Amino acid sequence: VKRRRLLRFVGLAAWVSAALAGLAVAADNPFRLKPGAAGKLCLDCHADVEAVMALPHVHTPVESGACADCHDPHASSHGKLLAESPERICLECHDDITADGLVSSHDLVLAGNCATCHDPHGSENPSNLIRAGNDLCRECHAELAASVASAKFGHPPARDDCLSCHDPHGSTTARSLLRQLEPDLCVDCHDATGGQFRSRHLGYPVEAGRCTSCHDPHGSDQGSILWANVHRPVGNRMCDQCHGAADSQTALETKREGLDLCRGCHSELVNQTFNAGHVHWPVVDKKGCLNCHAPHASAENGLLTQPMKPLCEGCHRDIAIRAERSVAKHEPVEAGECTSCHDPHAGSSPLLLASSNTIELCGNCHDWRQHTAHPLGEDAVDTRNPNLFVDCVSCHRTHGSPHDHLASFDVKADLCVDCHETFRR
Amino acid sequence: MPRRFHAVLIVAWTAWSLLGVVHAQAVRLRPSPTPIYSGREGVALAEPQGVACRDSTVVIADTGNARLVGFAIEGGALRPVSVWPTGQITMPLHVEIGSGGEFWVLDGRRLQIGRFSADGEFVGFLELGDGDRSVVPRSFRVDPKGDLYVLDARASRVLVVTPEGDERRKIASPPELLFASDLALGPQGTVYVVDSVGHRVYSASKGDKVLAPLSDDLSEDLDFATSIAVDERGNLFLGDQNGGGIVVLGRDGSFRGRQSRYGWKPGMLRYPTGLCVDRGVLFVADRGNNRVQMFEVAE
């Protein structure tokens with residue numbers, strides 16, 4: 001009885017393993033191609049792929065003839081008979097590329113546009129890249145590449161190989177796809193203990209700071225690859241104007257906080273700000289001026305931390321949304337020239353306008369006398385509100401509107417009759 | 001017995017559901033057809049930024065004219081009572097009525113809170129922190145006991161101080177609170193703070209040391225809220241400065257509607273900046289329209 005049971009068990013086990021093996025074979029060869037037919041069969045028609053096979057770098061499935069790993073030979077809902085959408089197909093094998101916990105990631109990778117950089121079949125270049133080295137990055141980052149090339153004082157790694165500092169897929173540690181956090185990334189090459197390094201930085205322990213607060217890692221026309229706009233004390237090598245002595249325990253800390261520190265030199269501006277009446281509130285918080293300005297150097301005029309448009313939109317996103325949805329565009333809003341109309345520090349009007357009289361303010365760019373014969377100004381009382389006179393914003397919304405001409409209402413149906421109600425039909 | 005128990009359960013459940021339905025009802029704001037355009041002597045309001053109301057008294061911070069404009073509510077109607085120049089406070093941004101009838105006014109130029117007697121006499125400035133703008137009041141409220149809740153823009157926190165400026169309590173804000181513009185005090189002593197940039201309301205109950213998010217992200221429903229008020233039922237009102245409207249939230253922070261819209265006519269708003277609510281009436285400092293509007297709160 002025992003032997004019979006054992007035989008039954010062995011038989012069952014053999015059957016199960018045969019079935020599993022069959023399943024595995026089916027998974028490996030879902031189209032039940034004849035042995036040796038994989039790949040070769042496709043090449044019968046797709047002869048051009050044979051040239052790819054001769055390239056120095058060939059994608060593993062192509063090399064092994066596993067065309068069906070990516071393509072469905074019969075039919076597909078996707079172009080090129082791909083077995084998955086172009087955005088997903090690579091992730092079937094390379095799912096580690098979009099790992100969790102990335103601090104920064106390349107937009108192309110997130111969007112699944114792998115073929116922008118890689119040839120899925122094969123290439124002359126390692127990793128099947130469609131171009132070698134920095135030429136590939138230049139395709140999209142042309143403006144940056146041009147400035148790298150033309151910089152009077154270049155940074156060799158930026159000129160030679162973007163990948164010295166950046167991971168093209170994403171970084172789990174740092175912003176901007178950087179392979180490491182600053183300053184670790186920089187001190188890999190720059191010996192912070194060296195005499196020249198220390199004397200160039202006046203003995204300050206900058207290796208504990210952020211190098212890009214002064215230096216443009218892509219090269220610059222300024223000596224020491226400083227950013228294009230340098231705060232005067234930095235340019236004059238007078239760090240102790242704001243910081244403690246280089247050999248002190250608090251060398252990298254500022255002597256005072258926020259506005260109180262900047263007031264030392266910019267007292268006139270600070271006084272104007274407080275006398276104006278309506279202060280831009282970020283000016284008076286703990287960070288103060290540093291909410292918008294870089295203390296050492298910047299690529300932007302006025303030492304702004306970033307171009308004005310994204311800087312202002314960081315808080316005033318609603319304005320950006322209104323402008324984006326607007327039918328007509330107001331040029332300064334589109335160009336991000338917020339300071340054309342607003343004073344970013346303070347103003348005598350609540351909206352921090354450069355002039356509280358909008359007719360005067362708009363008149364800086366628009367010749368309203370030619371623009372309209374409509375009564376404007378203090379003698380033209382708004383019929384909707386006895387406490388207002390008619391001015392430019394009686395009809396227009398300056399940042400954007402769903403109507404033509406930046407009008408507050410539909411120009412044909414509602415704008416005029418909002419005041420002139422007797423003419424409403 | 002089980003049947004009776006079931007019946008009790010069903011009745012309780014029905015009552016609870018009905019209560020929920022009532023609670024979730026939208027709050028409507030009925031605008032008064034006659035906004036406040038001027039005070040007792042007939043001078044037009046100019047960019048009023050603040051309004052305070054308590055015990056049938058309404059005081060407007062008439063910012064552009066550097067004065068306070070007072071009204072009494074009598075039989076549901078407003079009667080202009082007095083106009084007080086704010087003297088050395090040249091930019092009155094926010095006004096509150098104290099428990100003793102005195103006025104507290106935030107000066108936008110000095111960034112200090114000044115105290116006025118009930119007769120409008122300037123008493124002095126409130127001393128906060130160690131001077132030299134270590135505390136920068138962005139807004140403030142006065143509780144029934146007379147303590148001031150000051151929203152400190154410098155350190156993004158709420159300071160609770162006595163009328164003499166002695167600190168009673170600090171409420172910190174969490175790092176995700178991006179820019180606190182205004183605060184309100186609920187009937188149970190809860191502090192509510194509106195985050196203009198993060199489009200959220202935060203709250204702290206009695207004893208809490210840090211503000212916690214109360215509402216969801218409201219960016220779909222408002223543009224840039226800079227004022228907040230709470231009524232005796234716990235309804236929260238947010239003044240959407242850039243969007244021209246009032247957003248109403250329940251006491252749990254749930255969205256209960258958006259009222260009014262950008263415009264010039266009575267009932268419409270342009271850059272509302274100050275709110276207060278008293279006995280079922282919401283007062284709105286309608287800065288861009290140089291007036292104060294009243295809305296009856298109806299559920």
Side-chain angles (χ1 to χ4, degrees), chain A residues 256-260 263 270-271 273-288 291 312-322 346-352 356 358 381-391 393-395 397-401 408-409 414 418-419 421, chain B residues 35-38 43-49 63-64 66 90-93 107-111 132-138 152-157 178-181 196-199 219 222-226 240-244 262-266 268 270-271 273 286-291:
Chain A
R256 283 166 167 267
E257 229 175 31
L259 186 70
D260 295 336
R263 184 190 280 159
V270 171
N271 289 341
T273 298
F274 286 108
N275 286 334
H278 293 278
V279 69
H280 192 197
W281 289 101
V283 172
V284 293
D285 74 12
K286 227 173 213 169
K287 245 178 123 183
N291 278 302
C312 300
E313 287 177 0
C315 291
H316 301 285
R317 182 74 196 124
D318 59 304
I319 302 293
I321 291 170
R322 184 173 305 137
S348 57
S349 81
L351 295 173
L352 311 185
S356 52
T358 55
V381 175
D382 193 312
T383 60
R384 299 165 296 185
N385 181 332
N387 277 6
L388 293 173
F389 60 80
V390 180
D391 60 11
V393 293
S394 301
C395 296
R397 286 204 84 172
T398 49
H399 294 118
S401 151
S408 298
F409 304 101
D414 299 314
D418 200 53
C419 292
E421 285 188 325
Chain B
I36 305 171
Y37 286 107
S38 60
V43 173
L45 299 179
E47 296 179 335
Q49 296 229 49
T63 311
T90 53
M91 192 64 73
L93 295 184
D107 185 7
R109 202 160 263 139
R110 299 175 72 117
L111 298 177
D132 201 23
R133 296 207 174 95
S134 62
V135 175
V136 178
R138 170 71 179 90
D152 176 16
R154 172 90 184 202
S156 188
R157 63 182 175 174
L178 299 174
F179 185 76
S181 281
S196 306
V197 175
H199 306 104
S219 51
L222 52 75
D223 286 357
F224 197 82
T226 56
D240 184 2
Q241 178 187 267
N242 292 2
Y262 180 87
W264 289 256
K265 293 178 178 174
M268 297 179 186
R270 286 178 68 229
Y271 305 106
T273 44
D286 186 9
R287 186 188 75 204
N289 279 322
N290 292 339
R291 67 188 176 194

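This structure is a prediction, so every number in the text was calculated from the model and none was measured. Throughout, a chain's letter reflects where its sequence line sits, starting with A, and its residues are numbered from 1.
- The closest donor-acceptor contact from the side chain of B:Asp107 to the backbone of B:Met91 lies under 3.5 Å.
- Ranking B:Asn242, B:Leu178, B:Val136 against chain A, the residue ahead of the rest is B:Asn242, based on heavy-atom pairs under 4.5 Å.
- To the nearest 0.5 angstrom, B:Leu222 atom CG is 6.0 Å from B:His199 atom NE2.
- For the residue pair B:Thr90 and B:Arg109, a side-chain donor N or O sits within less than 3.5 Å of a side-chain acceptor on the partner.
- Both the backbone and the side chain of B:Tyr37 come within less than 4.5 Å of a heavy atom in chain A.
- By number of non-hydrogen pairs under 4.5 angstrom with chain A, the leading residue of B:Arg138, B:Gln49, B:Arg287 is B:Arg138.
- For B:Leu45, the parts lying near chain A are the backbone and the side chain together; criterion is any non-hydrogen pair under 4.5 Å.
- In this structure, the side chain of A:Asn387 engages the main chain of B:Asn290 through a donor-acceptor pair within 3.5 Å.
- For chain A, no part of B:Arg110 is nearby; none of its heavy atoms comes within less than 4.5 Å.
- Most heavy-atom pairs under 4.5 Å with chain B, from the set A:Ile319, A:Asp318, A:Val279: that is A:Asp318.
- Between chain A and the residues B:Glu47, B:Met268, B:Gln241, the most heavy-atom pairs under 4.5 angstrom are made by B:Glu47.
- Annotation: maximal heavy-atom pairing with chain B below 4.5 Å, among A:Ser394, A:Gly258, A:Ser349, A:Pro282, occurs at A:Ser394.
- Of the residues considered (A:Thr383, A:Leu351, A:Asp382), A:Leu351 shows the highest number of contacts with chain B, using heavy-atom pairs under 4.5 Å.
- Using a 4.5 Å cut-off between heavy atoms, B:Thr63 contacts chain A through its side chain alone, with no backbone atom that close.
- A:Asp418 is listed as a side-chain neighbour of B:Lys265, based on a closest heavy-atom distance under 4.5 Å.
- Of the listed residues (A:Arg317, A:Lys286, A:Lys287, A:Arg384), the greatest number of heavy-atom pairs within a distance under 4.5 Å of chain B belongs to A:Arg384.
- Looking at A:Ala276, the atoms closer than 4.5 Å to chain B (heavy atoms on both sides) all sit in the backbone: N, CA, C or O.
- Proximity of a side-chain donor or acceptor of B:Asn289 to a complementary backbone N or O of B:Arg291 within less than 3.5 Å is not detected.
- Distance check: A:Cys419 SG to A:Asn385 CG gives 10.0 Å after rounding to the nearest 0.5 Å.
- Ion pairing between a basic and an acidic side chain is recognised when a charged N comes within 4.0 Å of a carboxylate O; B:Arg154 and A:Asp260 show such pairing.
- For the options A:Arg322, A:His399, A:Arg397, A:Glu257, heavy-atom pairs under 4.5 Å to chain B are most numerous at A:Arg397.
- A distance of 7.5 Å separates CG of B:Asp223 from CD1 of A:Ile321, quoted to the nearest 0.5 Å.
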